[in-house]
Amino acid sequence: MKRTHVSWLNRVAAAGFAVAAACLAYAGFVHMFDNALLAALVGACVGGFALGRLLRAGALQRG
């Protein structure tokens, strides 16, 4: 995989999307299961996954 430059605006957008996904996952799991620890773990996993996928392969990379 070739590394390319990712602009700062794309990184900010990816981070914002990851935070939004984590917040929605957290709120959904708190509402469904009423367990804050499980909701925090799921929110962290969803946010990390979203950020990792957006910055990894090619969604935000120019080349």
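Counting from 1, the numbers follow the sequence of the chain as shown.
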For [X] against [Y], the heavy-atom pair lying closest together:
{"X": "Ala18", "Y": "Ala50", "value": "CA-CB, 4.3 Å"}
{"X": "Val30", "Y": "Ala39", "value": "CG2-CB, 3.4 Å"}
{"X": "Gly43", "Y": "Ala22", "value": "O-CB, 3.2 Å"}
{"X": "Ala25", "Y": "Val42", "value": "CB-CG1, 4.2 Å"}

Q. Can you find a heavy atom in the side chain of Leu54 that is under 4.5 Å from one in the side chain of Phe17?
A. yes
Q) Can Phe33 be reached from Val46 by stepping across I, L, V, M, F, W or Y side chains whose heavy atoms are under 4.5 Å apart? A) yes
Q) Between CG of Leu38 and OH of Tyr26, what distance do you get to the nearest 0.5 Å? A) 10.5 Å
